[in-house]
Amino acid sequence: MAEDAHNIQFPQIVSREEWLIARKDLLIKEKEATRARDALNSARRRLPMVKIEKTYVFDGPDGRVSLPDLFDGRSQLIVGHFMFDPSWERGCPGCSAGADEMSDGLFKHLHARDTAFVYISRAPLEKIEAYKTRKGWRFPWYSSHGNDFNYDFHVTLDERVAPVEYNYRTKAEYEQLGKPLQVGTGKSIELPGRSCFLRFGDDVFHTYSVYARGLEQAGGAYYFLDETALGRQENWEEPQGRASAVRGSNPSFSD
């Protein structure tokens, strides 16, 4: 253990028998959470859907493509809204950390279930391609530069383009909660999200979008850390005092 381990509030030391009793008590709660998650997933699948009437054209490595093209012949499409403003030279650190965990195996498994996954950002394609090469990524990533896609799915907020909305709350609702969105006239802000689409022939339907901490439900490193004694080692977690280096809520894993 680290030299300053005596300052960390490690779990209580007990016998194996006592640990097993506590573990079985926790298992009851875990099973309840699993059943609740199954019910939530069922409710999500029962959501109605909205037909996409607008034509979106994206820039990709093989030229310009439409939203139906992104399905690559599959029935479903998941879009990761990767924060990358056109003025930036590199993508969002948090989005990059999530993209680092996207493996070839994950894409293979999604494809086996008739589902495609792509990233879309507002940055021009040349910036996306340069950053993708620098990071060594191989997944499909398209540019929505010059179209309304990011604005319509509420991951680029700009009052000059559309009324501000994020995670299904308006700017006024955030202000009422005492958590105003930092969006002013004359500037835009990029925020994370993920959207799902279903395709029937040439028709595409929007079925689901998720934002903010809802993005965590897909798992990743955070969910592995949630199973450990020290957890995510971030300053909001309980119990306090578990980590020698307490971090802020930073999904980039850069600290």
Note to self: Checking L77 now: which residues fulfil side-chain contact (heavy atoms from CB on, under 4.5 Å) with it, not counting sequence neighbours?
What the structure shows: L67, L70, F71, V79, A116, V118, F197
Next item on the list: Go through the structure and list residues passing side-chain contact (heavy atoms from CB on, under 4.5 Å) with E126, not counting sequence neighbours.
Entry: P124
With a 4.5 Å heavy-atom cut-off, do [X] and [Y] have their side chains touching?
X: P140; Y: F117; answer: no
X: I120; Y: W141; answer: no
X: N147; Y: K54; answer: no
X: M49; Y: H206; answer: no

Notebook entry, point to check: Nearest 0.5 Å, what's the OH-OG distance between Y119 and S121?
Noted result: 9.5 Å
Next item on the list: Go through the side-chain N and O atoms of T156 and E190 and say whether any donor and acceptor fall under 3.5 Å apart.
Entry: yes
Next item on the list: Tell me yes or no: between the side chains of D59 and S143, is some donor less than 3.5 Å from an acceptor?
Entry: no
Tell me every residue that passes ring pair (Phe, Tyr, Trp, His ring centres under 6.0 Å) with [X], counting only those two or more places apart in sequence or in another chain.
X: Y151; value: none
X: H145; value: none
X: Y56; value: F149

Notebook entry, point to check: Going only through I, L, V, M, F, W and Y residues with side-chain contacts under 4.5 Å, is there a path from L125 to F82?
Noted result: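 No.
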Next item on the list: Indicate if I78 and F58 have the same hydrophobic cluster label, given that clusters are the connected sets of ILVMFWY residues with side-chain heavy-atom separations under 4.5 angstrom.
Entry: no
One thing to verify: whether [Y] and [X] come together as a salt bridge, which I'm taking to mean a side-chain N less than 4.0 angstrom from a carboxylate O.
X: E32; Y: K29; result: no
X: E216; Y: R232; result: yes
X: E237; Y: R247; result: no
X: K171; Y: E165; result: no

Checklist line | Other residues, nucleotides, ligands: >12 heavy atoms within 6.0 Å of Q12 CD | finding: no
Item checked: Any pair counted as salt bridge (Lys or Arg N to Asp or Glu O under 4.0 Å), so long as it reaches residues 38-51, sequence neighbours left out ->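 Sorted pair list: K51-D203.
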